Amino acid sequence: MKNFEYAGAETVERATMLCAEKGTKAIAGGTNLIDLMKLQVETPARLVDINSLDDRRIEDTATGLRIAALASNTAVAVDQRIRVDYPVLVKAILAGATQQLRNKASVGGNLGQRTRCPYFTNIDQPCNKRQPGSGCGALKGVARIHAILGTSLHCIATYPGDMAVAMAALDAQVEISGPDNERRTVPVREFHRCPGDTPELDNILGSGELVVAVHLPAPVSGKQLYRKVRERSSYAFALCSVAAIVDVKRGKIARADLAFGSIAPKPWVDERLAQMLVGEKPGMALFEKAADVLVDVARGVGDNDYKIPLVRRTLIATLCEATEVWA
Ligand code: SF4
């Protein structure tokens with residue numbers, strides 16, 4: 001690990017002001033950042049500890065819930081309001097990491113976690129995300145966990161998390177504070193970026209901007225599921241995942257909010273799926289058609305080709321479970 005300065009911030013204003021300075025990173029739980037610093041993937045000149053901001057609340061709002069960015073993953077997963085009204089979020093969080101990590105990991109940090117591409121975490125390897133212009137080791141290398149949608153010639157990494165996939169299905173909003181204390185809100189669905197020709201940028205945060213909260217919309221009716229496919233049953237990142245909020249009324253699908261994890265550089269939402277499904281009678285033929293649409297432009301690079309049939313099957317299985325259609 002490289003030496004770094006350490007500073008505390010008692011207020012959001014001070015934290016964002018300090019974070020606007022080059023080479024400065026905010027630290028909350030540190031469950032991803034510290035690992036990356038040990039590997040010298042991240043080499044901040046200064047860390048700003050935001051743990052003393054002291055806003056870990058999960059509050060009712062006029063339209064839903066506001067979850068402070070410093071709330072731990074565990075606090076979110078055990079909150080009774082979230083367990084009752086947003087179970088997809090609880091299921092996604094509990095499918096991720098371990099209890100110890102969830103106790104430390106913050107909601108803001110979880111949104112900002114970085115890819116687990118092995119070329120990104122090995123500083124001896126080329127990686128455009130870590131070192132722009134150095135090349136992409138995964139494109140012609142080992143790419144089993146990599147993306148099949150939303151990639152570019154410069155990067156095929158996935159966003160690896162679970163929590164944000166559920167938040168995307170719920171259409172949650174991210175509250176962001178900037179260096180002049182101005183606030184803005186963006187949908188979780190637009191928070192992470194596809195790589196294009198700037199793969200070093202994972203999300204839309206500008207210099208000095210900090211995530212301060214996530215807003216959940218008003219609860220909706222329907223079954224909420226999170227189905228995660230991974231190589232072992234705990235403490236593993238997804239090969240693919242599906243977050244689903246599906247409602248069936250009078251024999252027809254009334255809601256089909258779907259988001260997908262670990263198949264793209266961001267939680268993946270395809271608006272065409274809800275358009276196809278809503279208003280239709282649930283059934284295998286319909287689900288097969290929706291799954292075809294999901295992967296119609298998906299491309300693997302060899303090692304990860306298996307993800308195309310895998311996410312297709314996972315979507316169909318999730319829809320069958322949600323609508324109680326059994327083939
Ligand atoms: Fe780096 Fe992205 Fe290529 Fe992985 S896929 S080596 S993160 S540029």
Side-chain angles (χ1 to χ4, degrees), residues 1-2 23 25 30-44 96-97 101 105 109-165 168 188-206 211 228-231 236-241 259-270 294-295 297-311:
M1 188 184 281
K2 293 241 165 106
K25 287 232 160 220
T31 55
N32 186 204
L33 179 58
I34 297 292
D35 285 350
L36 294 175
M37 287 174 67
K38 287 180 188 166
L39 295 166
Q40 298 191 15
V41 172
E42 297 271 16
T43 53
L101 283 166
N110 195 322
L111 281 177
Q113 70 174 295
R114 307 212 65 190
T115 186
R116 265 53 179 194
C117 171
Y119 298 91
F120 175 71
T121 51
N122 183 341
I123 59 170
D124 295 328
Q125 296 294 322
C127 172
N128 288 325
K129 186 178 278 299
R130 175 172 32 77
Q131 195 182 346
S134 63
C136 171
L139 268 174
K140 289 207 167 83
V142 177
R144 191 168 155 69
I145 62 170
H146 290 73
I148 51 170
L149 287 162
T151 59
S152 77
L153 287 176
H154 303 285
C155 181
I156 57 169
T158 56
Y159 170 78
D162 297 292
M163 182 196 78
V165 180
V188 168
R189 295 175 182 187
E190 293 168 20
F191 179 76
H192 298 93
R193 290 181 71 259
C194 287
D197 53 11
T198 51
E200 68 277 16
L201 303 175
D202 291 352
N203 56 53
I204 51 88
L205 284 182
V211 172
K228 176 174 178 175
V229 181
R230 47 190 158 172
E231 284 180 332
F237 289 97
L239 299 172
C240 78
S241 66
F260 302 84
S262 293
I263 57 166
K266 56 188 289 185
W268 193 255
V269 175
D270 188 330
L294 172 67
V295 298
V297 294
R299 294 283 175 275
V301 291
D303 271 2
N304 62 344
D305 290 353
Y306 74 95
K307 283 195 177 187
I308 298 173
L310 182 66
V311 72

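Whatever order the structure lists them in is the order used to number ligands and atoms, beginning at 1. All residue numbers in this chain count up from 1 along the given sequence. Note that the structure is predicted; figures quoted are calculated from it, not measured.
Note that CG of Leu33 is 5.5 Å distant from CD of Glu42, once rounded to the nearest 0.5 Å. With values rounded to the nearest 0.5 angstrom, Lys2 atom NZ is found 5.5 Å from Thr43 atom OG1. The NZ atom of Lys307 lies 10.5 Å from the CG atom of Leu149; values are rounded to the nearest 0.5 Å.
Between Trp268 and Val165 the shortest side-chain heavy-atom distance does not fall below 4.5 Å. Under the 4.5 Å side-chain criterion, counting only non-hydrogen atoms from C-beta, Leu239 is in contact with Glu231.
Protein heavy atom closest to atom 7 (S) of ligand 1, with residue, atom name and distance, is Cys127 SG, 3.5 Å. In this structure, atom 5 (S) of ligand 1 lies nearest to the protein heavy atom Ile156 N, 3.3 Å. Looking from atom 3 (Fe) of ligand 1 to the surrounding protein, the closest heavy atom is Cys136 SG, 2.3 Å. For atom 6 (S) of ligand 1, the nearest non-hydrogen atom of the protein is Tyr119 CB, 3.3 Å. Protein heavy atom closest to atom 2 (Fe) of ligand 1, with residue, atom name and distance, is Cys155 SG, 2.3 Å.
Looking at His146, Glu200, Lys129 one by one, the single match for side chain to side chain contact (heavy atoms under 4.5 Å, CB included) with Cys155 turns out to be Lys129.
Every atom of ligand 1 with a heavy atom of Asn128 under 4.0 Å away is listed here by number and element: 1 (Fe), 8 (S). Counting atoms of ligand 1 from 1 in the listed order, those under 4.0 Å from a heavy atom of Phe120 are 7 (S).
Around the CG atom of Leu153, the shell of radius 6.0 Å holds no more than 12 heavy atoms that belong to other residues, nucleotides or ligands.
Residue Cys117 counts as close to atom 4 (Fe) of ligand 1, with an N, O or S atom under 2.8 Å.
Residue Gly137 places a heavy atom less than 4.0 Å from ligand 1. At a 4.0 Å cut-off, at least one heavy atom of His154 sits close enough to ligand 1 to count as contact.
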